[in-house]
Amino acid sequence: GGSLKTRSDSTVEAVEKRMEEYREKTEPLIDYYEDRGLLRRVDASLSPAEVSEETREVLTELAGEE
């Protein structure tokens, strides 16, 4: 029932800049860690409970690798 409030950095230009920075700086890390066998993926399209369970399983697996 209230008015819509937007962030000052929610402009199309700001979002495009954030996405460009992601592609340049963060996305390359996917291949870097995957090539070293250090990347674990969790399907975030699942329900919150399923995402939590998958995350717990990954963390349990990683804890056992030490």
Side-chain angles (χ1 to χ4, degrees):
S3 62
L4 177 64
K5 299 194 190 244
T6 58
R7 294 172 26 165
S8 61
D9 63 347
S10 290
T11 65
V12 171
E13 294 81 14
V15 172
E16 286 173 346
K17 181 169 175 33
R18 284 196 297 271
M19 290 305 300
E20 180 181 334
E21 286 188 25
Y22 167 81
R23 284 189 289 276
E24 290 175 5
K25 298 176 182 177
T26 305
E27 194 171 43
L29 294 173
I30 295 170
D31 290 335
Y32 176 87
Y33 285 107
E34 193 162 50
D35 290 347
R36 287 157 180 78
L38 300 172
L39 180 70
R40 302 299 190 275
R41 295 179 185 264
V42 173
D43 184 354
S45 69
L46 302 173
S47 72
E50 291 169 311
V51 171
S52 292
E53 181 58 30
E54 273 199 38
T55 302
R56 270 191 286 282
E57 289 172 8
V58 167
L59 293 173
T60 299
E61 174 189 331
L62 291 172
E65 291 180 5
E66 294 180 11

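Side chains are part of it too, since the values below use all heavy atoms of this structure and drop only hydrogens, waters and symmetry mates.
Closest heavy-atom contact between P28 and K25: CD-C, 3.9 Å. The two residues D9 and A14 come nearest to each other via the heavy atoms O-CB, 3.2 Å. For E61 against R40, the heavy-atom pair with the smallest separation is OE2-NE, 3.4 Å. Annotation for L46 and E54: closest pair CD1-OE2, 2.9 Å, computed over non-hydrogen atoms.
A salt bridge links E53 to R56: one of the charged nitrogens lies within less than 4.0 Å of a carboxylate oxygen. Taking the charged nitrogens against the carboxylate oxygens, K17 and E13 have no contact shorter than 4.0 Å, which rules out a salt bridge.
The line from CG of L62 to CG of L38 is 9.0 Å long, rounded to the nearest 0.5 Å. Remark: D43 CG to T55 OG1 distance equals 10.5 Å, nearest 0.5 Å. To the nearest 0.5 Å, atom CZ of residue R36 and atom CG of residue D31 are 10.0 Å apart.
Both tests do not hold together for R18 against Y22: distance to the six-membered ring centre under 6.0 Å, angle to the ring axis within 45°.
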